[in-house]
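Take a look at the structure below.
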Amino acid sequence: MSAEIVRLLERMTETWNAGDAAGYAGLFTEDADYITFFGLHLKGRQAIEDAHRQLFRTPIKLAEGGAQPRIRPLAADVALVVTGGGSSVDGVPDPSRASVITLTAVRAPDGWRFASFQNTRVSRP
């Protein structure tokens, strides 16, 4: 389970950095809930693809690697995933964009997909 989910996370970075909105959205279930860092709630794979098609026209790229995700099985075919995220703008790392990302991974007939995504900026007290 864990290796498949880690690969799914890697595909998120790969498809984002390639500007592949359809490929990125394909990592999610048809009815996925996707909440951006500023609170926009995208409902479903098509909405995720449409929003990212616009976003991928910007110079934002995701950082590769980073801390190991925490993957906690909730059932045989469901896992909670907590990971970190970072990005660069025009090739310059931007620490102010550091995030904590929470996802729900589910095993679908065609492999693991994300059913939910929540991106929250890291803040300091």
*Measure from NZ or CZ of Arg121 to the centre of the six-membered ring of Phe37, then state whether that distance is under 6.0 Å and the direction lies within 45° of the axis.*
yes
_Pair Glu49 + Arg53: basic N to acidic O under 4.0 Å_ = yes
*Between Ser99 and Asn119, do the side chains contain an N or O donor and an N or O acceptor separated by less than 3.5 Å?*
yes
*Any side-chain heavy-atom pair from Thr120 and Ile35 closer than 4.5 angstrom?*
no
*asked:* Classify the ring geometry of Tyr34 against Phe117: parallel below 30°, tilted from 30° to 60°, perpendicular beyond 60°.
replied: parallel
*Charged N-O contact under 4.0 Å between Glu10 and Arg7*: yes
*Are side-chain heavy atoms of Gln118 and Val100 found at a separation under 4.5 Å?*
no
*Under a 4.5 Å cut-off applied to non-hydrogen side-chain atoms, are Pro69 and Val6 in contact?*
yes
*Are the side chains of Lys43 and Asp33 in touch, meaning some heavy atoms are under 4.5 Å apart?*
yes
_For a quick check under 3.5 Å, do Thr29 and Arg113 share a side-chain donor-acceptor pair by atom type?_
no
*Are Glu14 and Asp20 side-chain neighbours, meaning at least one heavy-atom pair lies under 4.5 Å?*
no
*With the side chain counted from C-beta on, respond yes when Leu9 and Val81 share a heavy-atom pair under 4.5 Å apart, and no when they do not.*
yes
*Verify side-chain hydrogen bond (donor to acceptor under 3.5 Å, both in side chains) between Gln46 and Asp50, making sure each step is shown before the conclusion.*
CA-CA 6 Å; Gln46 189 61 56; Asp50 293 345; 2.9 Å; yes
_Partners meeting side-chain contact (heavy atoms from CB on, under 4.5 Å) with Leu74 (sequence neighbours left out)_ = Arg72, Val78, Leu80
